[in-house]
Amino acid sequence: MRPVSTVILGTGSYAPSRVLTNADLAKQVDTSEEWIVSRTGIRERRMAAADESTSDMAAKAGAKALEDAGLAAADIDLLIVATVTPDLVMPACACIVQRKLAIPHHAACFDLNAACSGFIYALDTACAMISSGRYKHALVIGAEKFSAILDWKDRSTCILFGDGAGATVIGGSETPNIGLLATKLGAYGESVDLLYIPAGGSDQPATPASIAAGDHCVKMKGKEVFKFAVRAMEEAARDILEQEGLTADHIDCVIPHQANLRIIEAISQYLKLPMDRFFINLDRYGNTSAASVPIALDEARRAGRIKRGDLTLMVAFGAGLTYGSALIRW
Ligand code: ACO
């Protein structure tokens, strides 16, 4: 039977224990606490241990979300892991998480790559699959070990990112007008080369020369990505509100992708939505890519920033260049 609505039944998150501060980074590359804080708002980020994988972090966040939802792994019949840093190129990280959490064999398990917009893409996908009536409970995880794909000699990128995972459990409900009300997803594929990893895929398999050149690490044109981020996140937020006949005043809490405080401040200004309605934790985690929105969502809920009946807006952008927004009534 098709449910009337699709709702978030539980959330969870996990961050590795090792903290890398701006002062630590200033010992490795030519940067400073002042530069990083004034340009990004980031003060520290978490680093996975050498033997800690994306799937380890994803499974820990997933277990917490299941506990919060009051469900068992046996109840899950759909598992989506949004990530650009899967443990292996093949098979999917979701299959490794399935094994770690003992999710049943009849569950559909796959990865989704939309970079930092990945969680919102995965949420929309899971809700559509549950709305079809063919799946009952989805575990949707955003998880990244971004430290594994950074060039630690490139000060323009290595200061921005961190590791972690966030998860949600999604199910159907017979109550109308709650849960996921609307989404807006999109991409500007013509701008692929503003943020990408040149080598290590099938186009340019890794060679000793590509590794020596650092081509298996993230390359980014920061200024262009910044401009895209502000424009795309503002449009994605505005479009979804218009679509639902709402205004910014109706939003109780915004969960933005935690890339850069200046990007969030610009969106706050353009949408005329005060900064105190935005949940921000990038000062502690940096940009955790697909994990950023679900970690922030989990922390916002546990901090009491989201109450029953509230309207939450999630909005993100990422490599691709992709963007996405989602409106949730609790
Ligand atoms: N420390 C000190 N100086 C630095 C550093 C650093 N860590 N990084 C760059 N600089 C220098 C530059 O070399 C440049 O020096 P120059 O003027 O002598 O050439 C100067 O600082 C200014 O550099 P800009 O790149 O112009 O600095 P900007 O104000 O644009 O800030 C930043 C850079 C923080 C990267 C910004 O552009 C940004 O946040 N862009 C968006 C990036 C982003 O969010 N990416 C994530 C995408 S999500 C995903 O899918 C992974």
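Counting convention: from 1, in listed order, for ligands and their atoms alike. These numbers come from a predicted model, not from an experiment. Note that the numbering runs from 1 along the sequence shown for the chain.
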Identity and distance of the protein heavy atom lying nearest atom 36 (C) of ligand 1: Phe226 CD1, 4.0 Å
Do any nitrogen or oxygen atoms of Gly222 come within less than 3.5 Å of a nitrogen or oxygen of ligand 1? yes
Any N/O of Ala259 closer than 3.5 Å to an N/O of ligand 1? no
Sub-4.0 Å protein heavy atom near atom 19 (O) of ligand 1: no
Please check if the number of heavy atoms outside Glu67 that lie under 6.0 Å from its CD is greater than 12. no
Atom indices of ligand 1, in the order listed, that fall short of 4.0 Å to a heavy atom of His257: 48 (S)
Assess the residue pair Phe279 and Ile306 against the criterion (side-chain contact (heavy atoms from CB on, under 4.5 Å)); give the C-alpha distance rounded to whole Å, side-chain angles, the decisive distance to 0.1 Å, and a yes or no. CA-CA 10 Å; Phe279 185 82; Ile306 296 173; over 6 Å; no
Any N/O of Asn287 closer than 3.5 Å to an N/O of ligand 1? no
Checking heavy atoms under 4.0 Å, the part of Thr31 that sits near ligand 1 is both
Examine the side chains of Thr21 and Glu44 and answer whether a donor and an acceptor come within less than 3.5 Å of each other. no
Just to confirm my output: which protein heavy-atom neighbour is closest to atom 25 (O) of ligand 1, and how far is it? Lys223 CG, 4.6 Å
Taking distance alone, with no angle check, do Asn260 and ligand 1 share an N/O pair under 3.5 Å? yes
Given that the side chain starts at C-beta and the backbone is N, CA, C, O, which of these parts of Trp35 lies under 4.0 Å from ligand 1, counting heavy atoms, or is it both or neither? side chain
Take atom 5 (C) of ligand 1 and look for protein heavy atoms under 4.0 Å from it; say yes if you find one, no if not. yes
List ligand 1 atoms under 4.0 Å from Ala115, heavy atoms only on the residue side. 50 (O)
Looking only at distances, can you tell me whether any N or O atom of Thr40, backbone or side chain, sits closer than 3.5 Å to an N or O atom of ligand 1? no
I need the contact type for Leu195 against ligand 1. Using non-hydrogen atoms and a strict under-4.0 Å cut-off, is it side chain, backbone, both or neither? side chain
For the CG atom of Asp77 and the NE2 atom of His137, what is their distance to the nearest 0.5 Å? 8.0 Å
Exercise: identify the closest heavy-atom pair between Ser5 and Asn177: OG-N, 3.8 Å
For atom 45 (N) of ligand 1, the protein heavy atom that lies nearest, with its residue and separation: Met220 SD, 3.2 Å
Tyr270 atom OH, neighbour heavy-atom count above 12 within 6.0 Å: no
Of all the non-hydrogen atoms in the protein, which one sits nearest to atom 14 (C) of ligand 1, and at what distance? Arg155 NH2, 4.7 Å
Will you find, in the side chains of Glu144 and Thr288, an N or O donor that is under 3.5 Å from an N or O acceptor? no
If we only consider heavy atoms of Asp30, is any one of them less than 4.0 Å away from an atom in ligand 1? yes
Under 4.0 Å from any heavy atom of Ala319, which atoms of ligand 1 are there? 49 (C), 50 (O)
Distance alone, cut at 3.5 Å: any donor-acceptor contact between the side chains of Thr11 and Arg301? yes
Could you check whether atom 30 (O) of ligand 1 has a protein contact, counting only heavy atoms that fall below 4.0 angstrom? yes
Tell me whether Lys136 at atom NZ has more than 12 heavy atoms from other residues, nucleotides or ligands lying less than 6.0 Å away. no
Atom CZ of residue position Arg302 - does it have more than 12 heavy atoms of other residues, nucleotides or ligands inside 6.0 Å? yes
Could you tell me whether Arg262 and ligand 1 have an N or O pair separated by under 3.5 Å? yes
Does some non-hydrogen atom of the protein lie less than 4.0 angstrom from atom 51 (C) of ligand 1? yes
How far is atom 22 (C) of ligand 1 from its nearest protein heavy atom, and which residue and atom name does that atom have? Arg39 NH1, 3.6 Å
So, Arg238 and Glu234, do they make that salt bridge, N to O below 4.0 Å? yes
Just to confirm, does any protein heavy atom lie below 4.0 Å from atom 47 (C) of ligand 1? yes
Gly318: numbered ligand 1 atoms lying under 4.0 Å from its heavy atoms: 48 (S), 49 (C), 50 (O)
Look at atom CZ of Arg43 and say whether more than 12 heavy atoms of other residues, nucleotides or ligands are closer to it than 6.0 Å. no
Protein heavy-atom partner closest to atom 49 (C) of ligand 1 - residue, atom, separation in Å: Cys116 SG, 2.5 Å
I'd like to know if Glu299 pairs up with Arg284 as an ion pair, taking the criterion as any Lys NZ or Arg NE/NH1/NH2 lying under 4.0 Å from an Asp or Glu carboxylate oxygen. yes
Can you tell me if Ala229 has a non-hydrogen atom under 4.0 Å from ligand 1? no
Over all heavy atoms of both residues, which pair between Ala115 and Ala290 is shortest? Give the atoms and the distance, please. O-CB, 3.5 Å
Glu244 atom CD, over 12 foreign heavy atoms within 6.0 Å: yes
